[in-house]
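Below is one structure. I have some questions about it.
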Amino acid sequence: MITLTFPDGARRQYAPGTTGFEIAKGISPSLAKRTVAMALDGMLADLSDRIERDAKIEFVTRDDPRALELIRHDCAHVLAEAVQTLWPGTQVTIGPVIENGFYYDFFRNEAFSPEDFPAIEKKMREIIAKDKPFTKEVWSREDTKQVFADRGENFKVELVDTIPAGEPIKIYKQGDWFDLCRGPHMTLTGKVGSAFKLMKVAGAYWRGDSRNPMLTRIYGTAWPDQAQLDQYLHQLEEAEKRDHRRLGREMDLFHFQEDAPGAVFWHAKGWTLFETLVAYMRRRQQEAGYLEVNTPQLIDSSLWVASGHMEKFREMMFLTEKHEDDERVYTIKPMNCPGHIQIFKNGLKSYRDLPLKIAEFGKVHRFEPSGALHGLLRVRAFTQDDAHIFITEEQIAEQTLAINNQLLSIYSDFGFDDVRIKFSDRPSKRLGDDAVWDKAEAALKLALEKSGRPWTLNEGEGAFYGPKLEYVLRDAIGRDWQCGTIQVDLNLPGRLGAFYIAPSGEKVVPVMLHRAMFGSLERFIGILVEHYAGHLPLWLAPIQARVCTITSDADSYASDLVQAATRAGLRVDADLRNEKITYKVREHSLAKIPLLLVVGKKESAERSVSIRRLGSPEQKSMAWEDALAMLRAESGPPDVKRLQEAA
RNA sequence: GCCGGCUUAGCUCAGCUGGUAGAGCACCCGCCUUGUAAGCGGGAGGUCGCAGGUUCGAUCCCUGCAGCCGGCACCA
């Protein structure tokens, strides 16, 4: 006999091989009817599974949160059956559950289009209405391959080979239709319900490899009930409203145009934001002892040959054409490091000069694949808050740790407190001996351990010249963005002939750390706009306050306020147009102006303002002097405020 | 780069099976001097992404190219 423990703590004995369904039915027929799967020791399993060992058992009903992935997975199978019924000859591949839904990849000579969705969804509803039982069979490896081969399902045959030896080959049937699948599934197709929707079609490479054939992927979403589906669709609409490309236009920050794919036209307001971030980072770098420099945009390609970029990074680089009067080919810099090494090399350096921290807001150009471009988040021309720190080998851990700490402090100033660290080790395409890589990776790991922060390994994702740490921010709506990076480089300084004089009088090649905090200013701004949904904090807002007149009688008073505020270093302007105040409030609210200072006859007579904050209908009347003082205090950058508080 | 889709006024979008275009908002002008998320009236604005082709005739059909969008691959 085996002993099963129930959620209420009760223990009962059963004959080995009893199925979950039998047990549920024994407890109550209605429970058996409601149950869609079970969990054995916390692991989801088919209700039809025979239980052979002692275990904790729970019955999972359809409204159990754990049933959600089953609903989605079953829905994927229903989708696959529907597609194969409508278009015989289509090959099935894989159909996993993903966040908020599922997808299924198909192979067919002709791609699917969203226009096919109504027909597919209709067929899916028929399959669900038939309420066919999901049944599991275990087949032999050879039989499985033969069956799928006979049906022309070549991708499935290939999948069978990826299943490790010793694992059962499981086939799930829903009526006549069946699929190779790890499971588990619910009991009946009817349990999928009706709250599902096909979302989009996309191409996807077989097994994620661009050398493989492209499949057609159909994405869908599925929920326990219609209300949750509706809520999800509503959420998607809301997310669209905070898209930085849309907000960038509405807030008049920047634009793109066809002539310059992947390059930003920064408008005055966007550029103010950009410069505000640069000023912030400049202060933070000065406090940490960096020296800011500037290096050429175009450098003779021979330098990039020496650095190894031409060999390992060529396809990402823009090169000039040979000029009639000058046979040289120049490279538009894709990175700042070779330039910074030139500055290091200029003049003899001593070990006493180390660590030497060279920083640049360097604009780099990289030939990103056209399909990768995405607003500000992925561009071809971008500005890095880049720095290269020249040190001795002994200083690697200590300097890495210092950068790590400053990075976290900086992110926190923007409200990013959930930061993950990824450690990327040697890639296949790399410079330098393995012994050098061993050393670099070990030093980075040591620094990570000293920081005491958790990290994950990102295998083979390092830069071609060294391993790296990558800092991933989680934004206000839970999306992850890679921003900062610290890279240990034991290759480039030597290749480019950099050295310092050690205490012994010998020439020694320095170690170089590459680091970026924002990463790309362009990308960081895109992330910020979405993170704040356009509601930038006062210190970042391009226009911090807008004075709105109610009648033209207040025009000159309004102009006085703007002048006084501007002299106080604030970014304030006025709307003197002959429009109703409701009209002005609406317009400037949509433009995400943080503060509206409304002035009419009353205010101009008593030298006050009526303040309205973005996102709140409240109005607060204050004397102008008080309002100005409040604005000044509130609009300070976080690092400046910290210094003021400390003083 | 790959797969699919899209490209009409500054923005959002209509435009039936081919007969050279329309709305709302924005813009300009006039009226209203206005009290916290859209006052009223009028006007102007488009080589329908670019280049070819089919046709008596193309925004519409076909081909190529570009950009964008959604994924995939790649990545700050």
Side-chain angles (χ1 to χ4, degrees), chain A residues 103 105 108 110-116 199-219 240 243 245-246 249-250 252 255-262 315-316 334-335 364 366-386 424 461 463 468 470-472 481-485 487 514 516-524 526-527 548-555 577-591 596-603 610-621:
Chain A
Y103 65 77
D105 285 348
R108 179 180 170 227
E110 204 180 327
F112 298 100
S113 112
E115 286 174 23
D116 298 323
M199 302 297 286
K200 54 198 175 192
V201 288
Y205 296 109
W206 166 236
R207 303 177 76 175
D209 190 325
S210 58
R211 290 166 300 192
N212 287 340
M214 182 149 281
L215 310 171
T216 297
R217 175 172 297 178
I218 297 181
Y219 283 93
E240 216 169 286
D243 188 307
R245 292 165 297 185
R246 173 181 174 145
R249 186 177 58 241
E250 289 172 358
D252 194 17
H255 85 266
F256 287 93
Q257 64 188 45
E258 269 194 39
D259 319 70
E315 70 275 18
M316 299 290 280
M335 292 188 189
V364 296
R366 297 184 187 170
F367 193 86
E368 296 292 334
S370 59
L373 301 181
H374 182 95
L376 293 177
L377 302 180
R378 194 75 183 274
V379 290
R380 286 185 175 153
F382 58 102
T383 313
Q384 294 179 308
D385 58 327
D386 203 3
S424 300
E461 296 296 321
K468 58 185 180 182
E470 294 177 325
Y471 289 74
V472 179
W481 305 100
Q482 196 209 302
C483 291
T485 175
Q487 305 168 4
H514 304 239
M517 307 257 192
F518 291 145
S520 143
L521 265 297
E522 284 77 2
R523 158 181 268 199
F524 195 75
I527 294 168
C548 300
T549 51
I550 291 171
T551 83
S552 51
D553 296 338
D555 283 2
R577 291 176 306 169
N578 178 16
E579 293 290 353
K580 308 283 180 280
I581 190 62
T582 50
Y583 182 90
K584 293 185 181 182
V585 166
R586 175 181 154 80
E587 187 164 295
H588 306 319
S589 297
L590 289 175
L596 298 184
L597 309 179
V598 178
V599 296
K601 272 187 194 152
K602 177 166 162 279
E603 287 79 6
S610 165
I611 299 178
R612 183 188 170 108
R613 282 180 190 267
L614 180 60
S616 160
E618 262 175 65
Q619 300 156 42
K620 195 173 173 189
S621 196

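Lettering of chains follows the sequences in order, A, B, ..., and the numbering in each one begins at 1.
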Sugar-phosphate only, base, or nothing, as touched by Arg108(A) at under 4.0 Å among non-hydrogen atoms: nothing

salt_bridge(Arg612(A), Glu618(A)) N-O dist < 4.0 Å: no

rA76(B) phosphate, OP1 or OP2, under 4.0 Å from Lys468(A) side-chain N/O: yes

Sugar-phosphate only, base, or nothing, as touched by Leu596(A) at under 4.0 Å among non-hydrogen atoms: nothing

Under-4.0 Å salt bridge between Arg577(A) and Glu587(A): yes

Atom-to-atom span, CG of Asp209(A) to C1' of rC2(B) - whole angstrom: 12 Å

Sugar-phosphate only, base, or nothing, as touched by Lys601(A) at under 4.0 Å among non-hydrogen atoms: base

Under-4.0 Å salt bridge between Arg207(A) and Asp209(A): no

Atom of Asp116(A), atom of Phe112(A) and distance for their closest heavy-atom approach: OD2-CA, 3.6 Å

Proximity to the side chain of Lys580(A) - top-ranked nucleotide from rG39(B), rG4(B), rA37(B): rG39(B)

Who pairs with rA38(B) - Watson-Crick or G-U, where each distance is under 3.5 Å: none

Polar pair under 3.5 Å, donor/acceptor by atom type, side chain Glu368(A), base rA76(B): yes

Sugar-phosphate, base or nothing in reach of Gly484(A), heavy atoms under 4.0 Å: nothing

Which nucleotide in rC72(B), rA73(B), rA76(B) has an atom nearest any side-chain atom of Met214(A): rC72(B)

Identified pairing partner of rC2(B), criterion: Watson-Crick or G-U wobble below 3.5 Å: rG71(B)

Closest listed nucleotide, where the reference is the side chain of Glu603(A) and the choices are rA26(B), rC2(B), rG35(B): rG35(B)

Donor-acceptor pair under 3.5 Å, Tyr205(A) side chain vs rG71(B) base: no

Distance, rounded to the nearest Å, where Ile581(A) contributes CD1 and rA37(B) contributes P: 9 Å

Arg245(A) side chain near rC69(B) phosphate (N/O to OP1/OP2, under 4.0 Å): yes

Rounded interatomic separation in angstrom, taking NE2 from His374(A) and C1' from rA76(B): 14 Å

Nearest listed nucleotide, side chain of Pro369(A), among rU36(B), rC74(B), rA66(B): rC74(B)

Phosphate OP1/OP2 of rU12(B): any Arg249(A) side-chain N/O under 4.0 Å: yes

Distance in angstrom units between Arg378(A) CZ and rC74(B) P, rounded: 10 Å

Ser610(A), nearest nucleotide to its side chain (from rA37(B), rG70(B), rU36(B)): rU36(B)

Thr582(A) side-chain N/O to rG39(B) phosphate OP1/OP2 under 4.0 Å: yes

Touch class at under 4.0 angstrom, heavy-atom based, for Ala202(A) against every strand present: base

Distance below 4.0 Å between Tyr583(A) side-chain N/O and rA26(B) OP1 or OP2: yes

Touch class at under 4.0 angstrom, heavy-atom based, for Val379(A) against every strand present: base

Any N/O donor-acceptor pair, Ser552(A) side-chain to rU33(B) base, under 3.5 Å: yes

Sugar-phosphate only, base, or nothing, as touched by Phe518(A) at under 4.0 Å among non-hydrogen atoms: nothing

Touch class at under 4.0 angstrom, heavy-atom based, for Ser520(A) against every strand present: base

Gap in Å between the two P atoms, one belonging to rA73(B) and one to rA14(B), rounded: 32 Å

Touch class at under 4.0 angstrom, heavy-atom based, for Arg612(A) against every strand present: base

Ser589(A) side chain, from C-beta outward: closest of rG4(B), rC68(B), rA37(B): rA37(B)

Side-chain touch Leu377(A)/Ile527(A), heavy atoms, less than 4.5 angstrom: yes

